[in-house]
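Protein chains get the first letters and strands the later ones, always in sequence-line order, with residue 1 at the start of each.
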There are 2 protein chains.
Amino acid sequence: MQTQATLSLSHHPASVFRGQPRAEGPFGMIGTPMRYARNTEIYGEAEPAEYLYQLVFGAVRTYKILDDGRRQIGSFYLPGDIFGFEAGDAHNSSAEAICESQVMMVKRNALMVRASHERDLARQLWDATALELRRFQEHLALLISSAEERVVGFLIDMARRATKNATIELPMSRQDIADYLGLTIETVSRTFTQLEQTGVIALRTSRRVELRNRAMLNRLGAS
Amino acid sequence: MQTQATLSLSHHPASVFRGQPRAEGPFGMIGTPMRYARNTEIYGEAEPAEYLYQLVFGAVRTYKILDDGRRQIGSFYLPGDIFGFEAGDAHNSSAEAICESQVMMVKRNALMVRASHERDLARQLWDATALELRRFQEHLALLISSAEERVVGFLIDMARRATKNATIELPMSRQDIADYLGLTIETVSRTFTQLEQTGVIALRTSRRVELRNRAMLNRLGAS
DNA sequence: CGTGCTCTTGAGAAATCTCAAGCCCCGTGG
DNA sequence: CCACGGGGCTTGAGATTTCTCAAGAGCACG
């Protein structure tokens, strides 16, 4: 796991946002755009959970460092995803940009207040929360499976979320994937190799995965 | 069996229920009481998620049956806990009574409508959701650990939630625990035995666990 | 061309699972 | 009162999966 560089956030005035292409979701109108460099922290565990975030571009991981030093990655977020409400008053995970990323951040309070009289916004927030819970559930299902099923499940999920076609561009390292799946990096790597050898995927580079046999992929994924 | 409300939602003094369930939490005023016998279904996966539930007494498990037939238990609920919002419009788990149980059920819609003009209720619902997310997170942390850490973590959690003193009355079977922890029943059993042999716990009966060495227990639990 | 990452591969060690058997508790019926 | 049977739990031993430790390969960058 890598140590992080200095916290280089560039704060763009709200006016910048007016030109941005992405106005969708509950964050479009009132959010503040923020950029984060690779491996920089967006928020830390136990910090007051003052904001919610929607990812514009890039990729984000949330994680906890366990007592014994292992890192547990809770979720990966891709453009469009909303994150930051795995929390009561304080975050219970940290969040980092996996690569150069931009988010829209919105004060929770402001959002809650608005939601209390905008039915639609309230609905969107609950939907986002339900999605979060569903993702946790799927993540749990992965963790009780074999190494192969975990990796396959991860790939299926990424394919669904990140791409329309058969090639996935993975923003995260093997170590990230290992920490997400509760495996060692070696086991993840071996499993990729094995999937390639059986013709299920092709690895154009280590971060670029082509799904060559969707049927078999789905068969190998238990969930 | 203990019928105590460890109702994290309620700011009422925790003395209230005893005998007739009515009164407390977001469910007291408008809920309908329902009873379920051991091993009966409260709701099924993919059913429309029309209600939220608060457990009055007994114990509940939520679970999914995976494609390969294994059962993944997502959560256990104890008296006072609120469940049923691991869902958008449809449940994505099933829920069953582990033993004779009583719940208060409330229509989601009704609750949402009320929440939209009662700030306090809205707050309680979000708190309950945040708690749910935190539990998922802890569950994930367990699943990436060793068998011993999983069992210890489970016991610590049950102790915190179910009892004030050092003896836990487990309502669920070894198989339930195994399906919650992603282990086999044999491994769970062996781990209990081993914890007993090292003096960390005592098994008065297989369902009654006495914590004899809290310090060591905490040390063995990683998270 | 080195240097520093990240990723892959190999081989033995350790944890967990699988299959199989036996035990315990308890309710039932002779 | 005791034998019987079933469910839930425990224990054992070998098979399998995953981890650990160690080394090598691929690649980007100065």
**OP:** Starting at the 5' end of nucleotides 23-30 of chain D, put B wherever the base has a protein heavy atom under 4.0 Å, S where only the sugar-phosphate does, and a dash everywhere else.
**Re:** --------
**OP:** Sugar-phosphate atoms are those with a prime plus P, OP1 and OP2; base atoms are the rest. Using that split, label each nucleotide of nucleotides 12-21 of chain D B, S or - for protein heavy atoms under 4.0 Å, 5' to 3'.
**Re:** BB----SSBB
What residues, two or more places apart in sequence or in another chain, satisfy salt bridge (Lys or Arg N to Asp or Glu O under 4.0 Å) together with [X]?
{"X": "E41(B)", "answer": "none"}
{"X": "R35(B)", "answer": "E100(B)"}
{"X": "R150(B)", "answer": "none"}

Subject >> Sequence-distant partners of Q175(B), side-chain hydrogen bond (donor to acceptor under 3.5 Å, both in side chains), two or more places apart >> reply: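 So Q175(B) forms a side-chain hydrogen bond (donor to acceptor under 3.5 Å, both in side chains) with D179(B).
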**OP:** State which residues pass side-chain hydrogen bond (donor to acceptor under 3.5 Å, both in side chains) with Y63(B); sequence neighbours excluded, sorted by chain then number.
**Re:**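 Listed in chain order: E96(B).
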Rounded distance in Å - [atom1] ([X]) to [atom2] ([N]):
{"X": "R208(B)", "N": "dC25(C)", "atom1": "CZ", "atom2": "P", "value": "13 Å"}
{"X": "L195(A)", "N": "dT9(C)", "atom1": "CG", "atom2": "C1'", "value": "16 Å"}
{"X": "Q197(A)", "N": "dT9(C)", "atom1": "CD", "atom2": "C1'", "value": "11 Å"}

Mind listing the N/O atom pairs, protein and nucleotides 5-9 of chain D, below 3.5 Å?
unit_1	atom_1	unit_2	atom_2	d
dC9(D)	OP1	R207(B)	NE	2.7
dC9(D)	OP1	R207(B)	NH2	3.2
dC9(D)	OP2	R174(B)	N	3.1

Test side-chain contact (heavy atoms from CB on, under 4.5 Å) applied to [X] - qualifying residues, sequence neighbours left out:
{"X": "R135(B)", "value": "Y77(B), D81(B), L131(B), R161(B)"}
{"X": "A202(B)", "value": "E210(B), R212(B)"}
{"X": "Y51(A)", "value": "Y53(A), M105(A), K107(A)"}
{"X": "S93(A)", "value": "T62(A), K64(A), E86(A), Q137(B)"}

**OP:** Indicate yes or no: does R160(A) engage E138(A) in a salt bridge with an N to O separation below 4.0 Å.
**Re:**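 So R160(A) pairs with E138(A) through a salt bridge.
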